[in-house]
There are 2 protein chains.
Amino acid sequence: MAISFTEENYLKVIHRLSEATSEDISTNAVAELMQTKAASVTDMLRKLADKGWVNYQKYQGVRLSAEGEKIALSIVRKHRLWEVFLVDKMGFNWDEVHEIAEQLEHIESDQLVNKLDEYLGFPKTDPHGDPIPNKEGVLPELAYSHLSDIKATKTCKLMGVAQDSAVFLQLLTKLNLNLGAKLDIKEINEFDRSIFVSINDAAPIFISHEVAKNILVKI
Amino acid sequence: MAISFTEENYLKVIHRLSEATSEDISTNAVAELMQTKAASVTDMLRKLADKGWVNYQKYQGVRLSAEGEKIALSIVRKHRLWEVFLVDKMGFNWDEVHEIAEQLEHIESDQLVNKLDEYLGFPKTDPHGDPIPNKEGVLPELAYSHLSDIKATKTCKLMGVAQDSAVFLQLLTKLNLNLGAKLDIKEINEFDRSIFVSINDAAPIFISHEVAKNILVKI
DNA sequence: TTAAATTTTTAGGTTAATCTAAAAATTATT
DNA sequence: AATAATTTTTAGATTAACCTAAAAATTTAA
Ligand SMILES: [Mn+2]
Ligand SMILES: [Mn+2]
Ligand SMILES: [Mn+2]
Ligand SMILES: [Mn+2]
């Protein structure tokens, strides 16, 4: 069945919200991520339910059907593969690629996606450490922790970020916090939960709890 | 000013028609290439004129303004660069790339286009021999002849095609008629204007006038 | 140079996606 | 349990892009 960019974006947003909870997703939550009004969301949910991509009962919230999940994962796959392409092949920085990938994720050609995947060497994660679903829509399981949950004196490795915003990514770059960086947690300050940490064995610096919450690490 | 995919496609079609003539372009001609109705074209031409991208007076036909020309050329540039990418980097055949490029040509990022151009080695032509406008929108001048206009016993080189259709391109591939092929015209048959030609010094074969008309060569 | 044929435009509708404002349902609070 | 607050849906419009049918303008032919 034909699908519009807008419908794809709704499915993607419902998918994203569903990753964080097992509850049904509220109209308002979708509206906020879609940057639209609840009334528009209601219209669209009816339409997506008619097409069989979501299960929706009014006032009860929405969740993806098996088919909707498959579509959402294929868009996520495209988004993340294109981000790898933009960074690895086109030389963009990790804070510059999200908006372009938002466009590229809607390009429709299975052949192209699979050739791109191969060309990039079948990457498991995108430039932000997010897992890339394979051809069958299976997401590799990556059990990462938030840096903010790690105890003092531990050593860990920066594996990803929990946020794609350009300002956040640019800050990390400025602090030398890149994917793969080795982090030695020297001390956690009780007062503001800021972390005194050495990055790749350099002289330790302070990073805020707010930043640490958005950094994903492997111990 | 914001531009929709549809508007971009109209500008591209008007541009294509304008290459073949210095006359104003008729509503019907646009309708045919856009695969839509004349009434819809009239609506859109009024809109494009309001935006300053075409000069249009009712019943008098349409032509691109300087700004419209610039937009059209930037879309052509993107289309052809992506086609090069698909063939050179993704390993597609020349008959498989047009439809995908129709989608990719609407991706909006000057940075990406210019990085792609560089990554591809600043190609002058696409996989069909069509010239690629540079960053400033200047088309390299390629003075090619139609194979159907070459006299017998001449030797020439296949530089491009005058048609992108998959069936035509697949036929050329089957006949070993690829870009850069050396063509020795042995004889032209007066009856059906078919051509007896040797391709890359192989045993000569017959090709129809219809095919020859759509092959571009350099002597 | 009038009449016929063709092209193009206008008139009036449709569909997808959005909006605001008001009504209805659900959830939270006394 | 009743009321208040919040969330969600419905009602009614708007805009972009398209359609068919009819009217108007232009071009061609008699
Ligand atoms: Mn992204
Ligand atoms: Mn990402
Ligand atoms: Mn093409
Ligand atoms: Mn081409």
In terms of side-chain heavy atoms of A:Gln60, which of C:dT26, D:dT9, C:dT9 is nearest?
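Side chain of A:Gln60 sits closest to C:dT26.
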Can you identify which nucleotide, out of C:dT10, C:dT20, C:dT26, has its nearest atom closest to the A:Tyr59 side chain?
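For A:Tyr59, the side-chain atoms sit closest to C:dT26.
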Could you tell me whether [X] contacts a base, only the sugar-phosphate backbone, or nothing, with contacts defined as non-hydrogen atoms closer than 4.0 Å?
X	value
B:Thr42	base
A:Phe5	nothing
B:Ser40	base

Please check if any side-chain donor atom of B:Glu67 sits under 3.5 Å from a side-chain acceptor atom of B:Ser65, or the reverse.
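Checked: B:Glu67/B:Ser65 side chains show no N/O donor-acceptor pair below 3.5 Å.
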B:Asn28 and B:Ser26: side chain donor to acceptor below 3.5 Å:
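No, B:Ser26 and B:Asn28 have no side-chain donor paired with an acceptor closer than 3.5 Å.
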Just N and O in the side chain of [X]: are any of them under 4.0 Å from OP1 or OP2 of [N]?
X	N	answer
A:Thr36	C:dC19	yes
A:Thr27	D:dT7	no
A:Asn28	D:dT8	yes
B:Lys37	C:dT8	no

How close or far is atom [atom2] of [N] from atom [atom1] of [X], stated in whole angstroms?
X	N	atom1	atom2	result
B:Asp43	C:dG12	CG	C1'	12 Å
B:Asp50	D:dT15	CG	P	14 Å
A:Leu45	C:dT18	CG	P	12 Å
B:Glu32	C:dT8	CD	P	12 Å
B:Lys58	D:dA25	NZ	P	7 Å
A:Tyr56	C:dA25	OH	P	13 Å
B:Asn9	D:dA16	CG	C1'	15 Å
B:Gln57	D:dT26	CD	P	11 Å

Parallel under 30°, tilted from 30 to 60°, perpendicular over 60°: which one fits the rings of B:Phe5 and B:His106?
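Parallel: the ring planes of B:Phe5 and B:His106 meet at under 30°.
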With a 4.0 Å cut-off on N to O distance, would you call A:Arg193 and A:Glu190 a salt bridge?
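Between A:Glu190 and A:Arg193 there is no salt bridge, as every charged N stays at least 4.0 Å from the carboxylate O atoms.
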Salt bridge between A:Glu23 and A:Arg63, side-chain N to carboxylate O under 4.0 Å?
no
Find which nucleotide of DNA chain C each of B:Ala29 and A:Gln35 is nearest to by heavy atoms, and output the residue with the more 5' nucleotide.
B:Ala29
